[in-house]
Protein chains: 2
Amino acid sequence: MSRSDTFAESKNKYARYLAKNGLRSTAQRDLIINEFFKSEGHVTAEELHLKLRGKNSSIGLATVYRTLKTLESAGLAHERQFNDGFMRYEFCAPGYRHHDHIVCLECGLVEEFENNEIENLQIKVANKHNFTITDHRLELYGVCERCKSKTA
Amino acid sequence: MSRSDTFAESKNKYARYLAKNGLRSTAQRDLIINEFFKSEGHVTAEELHLKLRGKNSSIGLATVYRTLKTLESAGLAHERQFNDGFMRYEFCAPGYRHHDHIVCLECGLVEEFENNEIENLQIKVANKHNFTITDHRLELYGVCERCKSKTA
DNA sequence: TTCGGTGCAAACTTTTTGCAGAGTA
DNA sequence: TACTCTGCAAAAAGTTTGCACCGAA
């Protein structure tokens with residue numbers, strides 16, 4: 001599935017969500033959603049707001065926050081916190097696979113990975129504790145290749 | 001290793017750390033550290049502050065924050081954020097084994113687990129991405145046994 | 001006596017909320 | 001028209017900082 005297919009699919013899903021919940025489509029929302037769907041990785045509300053400001057639209061920061069919360073409820077965005085004090089939002093289209101993150105503590109690079117063996121072990125652990133898992137969070141923190149060679 | 005052995009060892013390590021870094025031992029610090037070492041699990045500064053207030057000491061919240069940061073630098077506490085907006089501090093004595101957390105989203109119960117298979121797989125993943133891992137974070141979120149039966 | 005620690009209040013940071021006016025259906 | 005959305009500014013909420021005084025070494 002290509003990235004743009006997923007965008008299209010998500011926009012449809014978003015439109016359907018709006019319709020079903022009596023929410024309106026507005027100029028601001030469409031711009032925010034467009035920008036959000038275009039951004040790679042893990043954006044903060046502030047970053048998104050800045051990008052939109054750059055295109056001389058005058059969208060308020062509060063609106064960006066509100067829209068991201070809306071997307072989260074719609075299941076199109078996922079909230080994540082790496083330990084830097086910001087809430088980040090990640091594109092989370094239907095059909096997009098779950099993945100985890102490996103974060104460089106020096107330059108902030110975030111790479112994504114998938115590992116089914118780990119996921120299966122997590123389920124085993126949950127069973128042992130009699131928990132039913134609905135979500136999880138796995139982040140590896142360290143130093144990336146570039147930063148290692150810079151220091152060496 | 002029993003819990004109290006670990007306390008003793010940590011207090012020594014703390015004292016050594018203070019000496020080495022020209023920091024002073026004060027009545028407030030000793031009380032905070034004592035209370036922190038006694039608390040199970042994952043405390044917030046506010047919680048610790050409340051516990052100390054209960055024992056009619058008049059320690060300021062800012063001092064609790066400052067002391068926890070000091071403990072973190074000393075390697076005796078570990079900062080953790082579960083997604084509830086609070087920074088939590090966890091006892092992290094030398095000799096204490098690393099563990100991860102499984103969190104109930106209904107009642108807030110946090111259990112700890114260790115799984116070497118998962119840890120090994122994490123190292124494999126990091127190698128594949130040419131990262132050197134220094135830390136990681138794994139949290140499973142779901143519903144615990146009690147809450148499941150309550151709902152059923 | 002020196003200098004780090006403390007308490008208090010104010011400042012800061014990120015996110016949320018109240019409200020009056022604008023825009024959608 | 002009815003009612004939601006938006007922008008702004010103010011409020012929240014958690015944490016940090018400035019400053020004058022206190023106290024450990």
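Protein chains get the first letters and strands the later ones, always in sequence-line order, with residue 1 at the start of each. Computed from a prediction, not measured in an experiment: that's the story for all the values here.
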Peer 1: Should A:Glu79 and A:Tyr89 count as side-chain neighbours, where that means a heavy-atom distance under 4.5 Å?
Peer 2: yes

Peer 1: Taking only N and O in the side chain of A:Thr26, is any of them less than 4.0 Å away from OP1 or OP2 of D:dC5?
Peer 2: no

Peer 1: Is B:Arg66 touching bases, backbone alone, or none of the nucleic acid, heavy atoms closer than 4.0 Å?
Peer 2: base

Peer 1: So, is B:Tyr65 near the phosphate of D:dT16, with a side-chain N or O under 4.0 Å from OP1 or OP2?
Peer 2: no

Peer 1: Tell me, please, the opening and closing nucleotides of DNA chain C, 5' to 3', among those with an atom under 4.0 angstrom from a non-hydrogen atom of chain A.
Peer 2: C:dT14 to C:dA25

Peer 1: B:Leu140 versus A:Phe131: any side-chain heavy-atom pair under 4.5 Å?
Peer 2: no

Peer 1: Among D:dC8, D:dT17, D:dG14, which nucleotide has an atom closest to any side-chain atom of A:Ala62?
Peer 2: D:dC8

Peer 1: Quick check: do A:Glu111 and B:Lys128 have side-chain heavy atoms less than 4.5 Å from each other?
Peer 2: no

Peer 1: Please work out if B:Ser25 contacts a base, only the sugar-phosphate, or nothing of the nucleic acid, heavy-atom cut-off 4.0 Å.
Peer 2: sugar-phosphate

Peer 1: Considering only heavy atoms from C-beta outward, does the side chain of B:Asp100 approach that of B:Glu119 to under 4.5 Å?
Peer 2: yes

Peer 1: Under 4.0 Å between a side-chain N/O of A:Arg29 and OP1 or OP2 of D:dC5, yes or no?
Peer 2: yes

Peer 1: Using C1' atoms of five pairs at each end, report the bend of the helix from C:dT1-D:dA25 to C:dA25-D:dT1 rounded to 10 degrees.
Peer 2: 30°

Peer 1: Contact between A:Gln28 and A:Arg66 at the side-chain level, heavy atoms closer than 4.5 Å - yes or no?
Peer 2: no

